[in-house]
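Notes for the one structure printed next.
These figures come from a predicted structure and were not determined experimentally. Naming: A, B, ... by sequence-line order, numbering from 1 per chain. Keep in mind that the numbers below use all heavy atoms, side chains included, and drop hydrogens, waters and symmetry copies.
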2 protein chains.
Amino acid sequence: MDATLVRETAGDHVDLGELRDSLGFLMRLAQLQVFENYFAALGPYDMRPGEFSVLVVISRNPGIRQGVLANRLMIKRAHITKMVRGLEDQGLVARRIPDEDRRVVELTLTKKGNAFVAERIDVLTTFDRAVPEGMTRKERDQLVHLLHKFLGLTEASA
Amino acid sequence: MDATLVRETAGDHVDLGELRDSLGFLMRLAQLQVFENYFAALGPYDMRPGEFSVLVVISRNPGIRQGVLANRLMIKRAHITKMVRGLEDQGLVARRIPDEDRRVVELTLTKKGNAFVAERIDVLTTFDRAVPEGMTRKERDQLVHLLHKFLGLTEASA
DNA sequence: TATTGTTATACTCTATAACTATA
DNA sequence: TATAGTTATAGAGTATAACAATA
């Protein structure tokens, strides 16, 4: 228990005060934490979280409208346009303007896009199912459950 | 149940697939949600979440070293420098370089900084204690508890 | 040599508003 | 008139690396 050890454990007690009970503050920290882990584990796979989530949702909802996608992912319209254009440039996503309503854009994955997601989805789910250090599996599942409630997501079908 | 209503409820069912169980994804959405609420409620009070959290932690830990503060808030050193300089320019924070170790910077709130925090802390805690729509108070507290665990925060004294 | 903070640079993300085309 | 998407612009946030001062 020498000075070096004390320093390395970064054992400086910091009183967070009112922030300890702030959902917003805690979620911000938690997200930074989980993203740090994410990049450490998945960085080499060339999947940025935002873009990859777009690809996953399109793969699960072929033909989804760009605006619906943006709403669900809480991405602004101006931003989703740039993301989708970028993914289109990479040959991962196809845009289609239907005759019924020529204002909207319907999105699907290309063959290449499907392959891209298929190659990486297992790595992601393995990462996501890992139980965070210091938590039990039950607590981890409970956390997911409460986040669903917080977000107003209906529970999964069985 | 006409077309207008359906559209307004944005009831487009989107299958989130593997993302439903992704802590990272859920936390990202949750944080966007809570920040949206935050700005809606506290925007007029001139408190950006990042800067205000810095002020609160300094107020609770007078003389805290800049690096310790950055670690606890998961802010990069280069970034905390800019933030603290900005807060100093606003007259809210004072920097002090102690003789014992002239590499470090110790932070305190100025009189103005203390007043700034004191004027706003009640609005923040009121906001933070609100129970999110669709959740019970117990669930909200449980969520906070699980986030503490996830972040490795020791439980509050009593 | 290692640590703390600073500076400079660039890149990502996001916000806003004006614009188009379609309905 | 309202909606979906686009474009342009600016700003905030963040990452990186090189640097100076101090230990």
Side-chain touch A:Leu147/B:Met27, heavy atoms, less than 4.5 angstrom: yes
In terms of side-chain heavy atoms of A:Thr81, which of D:dT6, C:dG5, C:dC13 is nearest? D:dT6
Close N or O pairs between protein and nucleotides 15-22 of chain C (under 3.5 Å):
residue, atom, partner, partner atom, Å
C:dA15, OP2, A:Lys76, NZ, 3.4

Taking [atom1] from [X] and [atom2] from [N], how many angstroms apart are they, rounded to a whole number?
X       : N      : atom1 : atom2 : value
B:Phe35 : D:dA12 : CZ    : P     : 15 Å
B:Glu36 : C:dC13 : CD    : P     : 19 Å
A:Asp12 : C:dT3  : CG    : C1'   : 14 Å
B:Arg95 : C:dT4  : CZ    : C1'   : 12 Å

When you measure from every atom of DNA chain D, which of residues 26-34 of chain B have a heavy atom less than 4.0 Å away? none
Under a 4.5 Å side-chain heavy-atom rule over Ile, Leu, Val, Met, Phe, Trp and Tyr, are A:Leu151 and B:Val144 clustered together? yes
Under the rule for side-chain contact (heavy atoms from CB on, under 4.5 Å), what residues qualify as partners of [X], not counting sequence neighbours?
X        : answer
B:Pro132 : A:Leu23, A:Phe150, B:Met135, B:Arg140
A:Arg72  : A:Leu153, B:Val14, B:Leu16
B:Ala70  : B:Ile80

With sequence neighbours excluded, what pairs up with [X] under the side chain to side chain donor-acceptor pair (under 3.5 Å) test?
X       : value
B:Thr81 : B:Gln66
A:Arg60 : B:Asp15, B:Glu18
A:Gln33 : none
A:Ser22 : B:Asp128

Below the 4.0 Å mark, does C:dC13 have OP1 or OP2 next to a side-chain nitrogen or oxygen of A:Arg48? yes
At less than 4.0 Å, is any side-chain N or O atom of B:Arg96 found next to OP1 or OP2 of C:dG5? Yes or no. no
Pairs in or reaching into residues 92-107 of chain B: which pass side chain to side chain donor-acceptor pair (under 3.5 Å), with residues at least two apart or in two chains? B:Arg96-B:Glu106, B:Asp101-B:Arg103
For DNA chain C, the residues among residues 59-69 of chain B that have a non-hydrogen atom under 4.0 Å from it: B:Gln66, B:Gly67
Any salt bridge (Lys or Arg N to Asp or Glu O under 4.0 Å) involving residues 23-43 of chain B? Give me the pairs, sequence neighbours left out, ordered by first then second residue. none
